[in-house]
Participant: 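Can you keep this structure in mind? I'll have questions shortly.
Every chain is numbered from 1 and lettered A, B, ... according to where its sequence line falls, protein lines coming before strand lines. Predicted, not measured: the structure shown is a model, and the values here were computed from it.
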Amino acid sequence: MKFKPKKFSLDHKKLDQNFYLQPTLKVARELLGKIIVRQFNGQILAGRIVETEAYIGESDPACHAYGGMTPRNKIMYLPGGYAYVYFTYGMHYCFNVVTEKEGFPAAVLIRAVEPIEGIELMKKFRNTNNIYNLTNGPAKFCQAFKIDKSLNGTSLLGDEIFIVDSDDDIKFTIGRSQRIGISAGTDKKWRFFIRGNPFVSKVKIKSK
DNA sequence: CTCTGGATTAGCT
DNA sequence: GCTAATCCAGAGC
C-alpha cells in the first residue's frame with residue numbers, strides 16, 4: 001500500500017476549550033480522525049490522530065495522578081485544553097491532552113498519528129525513511145513532532161501546538177482495547193484506535 | 001516471524 | 001533504590 005498524504009487545510013476549525021472540558025472517554029474517542037498541528041521555526045507538522053488512551057483521575061491506578069498531586073502531574077489538574085508532556089524510560093517523551101474541569105486530573109495520551117504535513121522533517125527527526133515507522137507510538141510521535149518538556153503546560157488554544165477539526169468525509173470504525181504498556185489498571189478498556197489504519201502502533205500487552 | 005534485554009534518567013518511596 | 005503510559009537491536013526459530 002502506497003501512502004498518499006491527504007488534503008489538509010489550516011482553515012479547519014481549531015478545537016475550542018469546550019471540547020476538552022468534556023468527559024475524558026468521550027474526548028479520547030472523538031479525537032480520532034482530528035488533526036494535530038505543530039508549528040515551530042515557521043515550519044508546520046501535522047498528522048491525523050489514529051490512536052488514543054484515556055487516563056482518568058486519582059483512582060485510576062495507571063494514571064500519573066493516582067494518589068494525588070505531585071510536581072510532575074500537576075498539569076493534569078488544569079482545566080481541559082493544556083498539553084501534559086512527561087519524560088519516561090530515561091529517554092522518551094509522551095504527549096497528552098488535558099481534559100475535564102480544573103481540579104480533576106485526567107488526560108488523553110496521543111499514541112499514534114498518520115503523517116500529513118512536514119513528512120520530510122519528521123523523517124529527519126526520526127532518522128528513518130519508513131513512513132510507517134515515523135509516528136506509530138507515543139514516543140515516536142513526540143520525536144517526529146519535536147515535542148519535549150518545554151511544551152508541558154502549553155495551551156492547545158495557542159499556535160505552537162493545537163488540534164483542528166477534520167471536515168473530510170472520512171469514514172472509519174473505532175476499535176477499543178485495554179491500554180498498552182501499563183501493569184496496573186489493565187482491566188479498563190480505555191484505548192481507542194481507527195480500525196485498520198496502518199499507522200496504529202504495534203500492540204504489545206505487558207504481561208505481569 | 002517472535003522473544004529478550006539494554007538504553008538512560010526523573011520522579012517517587 | 002526501583003521502576004517507568006517506550007523503542008530498538010539482536011538472537012533464535
Participant: The side chain of S183(A) lies closest to which of these nucleotides: dT6(C), dA4(C), dC12(B)?
Facilitator: dA4(C)
Participant: Between R111(A) and dT6(C), is there a side-chain N or O to OP1/OP2 distance below 4.0 Å?
Facilitator: yes
Participant: What's A62(A) touching, base or sugar-phosphate or nothing? Going by heavy atoms closer than 4.0 Å.
Facilitator: base
Participant: Using the side-chain heavy atoms of K149(A), tell me which of these nucleotides is nearest: dA10(B), dA5(C), dC8(C).
Facilitator: dA10(B)
Participant: Given Watson-Crick or G-U pairs with both distances under 3.5 Å, what dot-bracket string fits DNA chain B, with | for other-strand pairs and [ ] for crossing?
Facilitator: |||||||.||||.
Participant: Pick the P atom in dT3(C) and in dG5(B), then give their distance to the nearest Å.
Facilitator: 16 Å
Participant: Which nucleotide wins on minimum distance to the side chain of P138(A), given the candidates dC7(C), dT8(B), dG11(B)?
Facilitator: dC7(C)
Participant: Would you call K26(A)-E30(A) a salt bridge at under 4.0 Å N-O?
Facilitator: yes
Participant: With a 6.0 Å cut-off (strictly less than), is the heavy-atom count around CG of D187(A), excluding the residue itself, greater than 12?
Facilitator: yes
Participant: Between dA7(B) atom P and F87(A) atom CZ, what is the distance in whole Å?
Facilitator: 15 Å
Participant: Do side-chain atoms of D60(A) reach the backbone of A62(A) as a donor and acceptor pair under 3.5 angstrom?
Facilitator: yes
Participant: Would you say a side-chain N or O of T70(A) is under 4.0 Å from OP1 or OP2 of dC12(B)?
Facilitator: yes
Participant: Is the closest side-chain donor-acceptor distance between Y20(A) and Q22(A) under 3.5 Å?
Facilitator: no
Participant: With under 30° as parallel and over 60° as perpendicular, where do the rings of Y89(A) and H92(A) fit, or are they tilted in between?
Facilitator: perpendicular
Participant: Within a 6.0 Å radius of atom CZ on F40(A), are there more than 12 heavy atoms belonging to other residues, nucleotides or ligands?
Facilitator: yes
Participant: With distance as the sole criterion, do the side chain of Y89(A) and the base of dA7(B) form a donor-acceptor contact below 3.5 Å?
Facilitator: no
Participant: When only distance counts, do a donor and an acceptor, one from the side chain of H92(A) and one from the base of dA4(C), lie under 3.5 Å apart?
Facilitator: no
Participant: Would you tell me if any nitrogen or oxygen in the side chain of R126(A) comes within less than 4.0 Å of OP1 or OP2 on dC8(C)?
Facilitator: yes
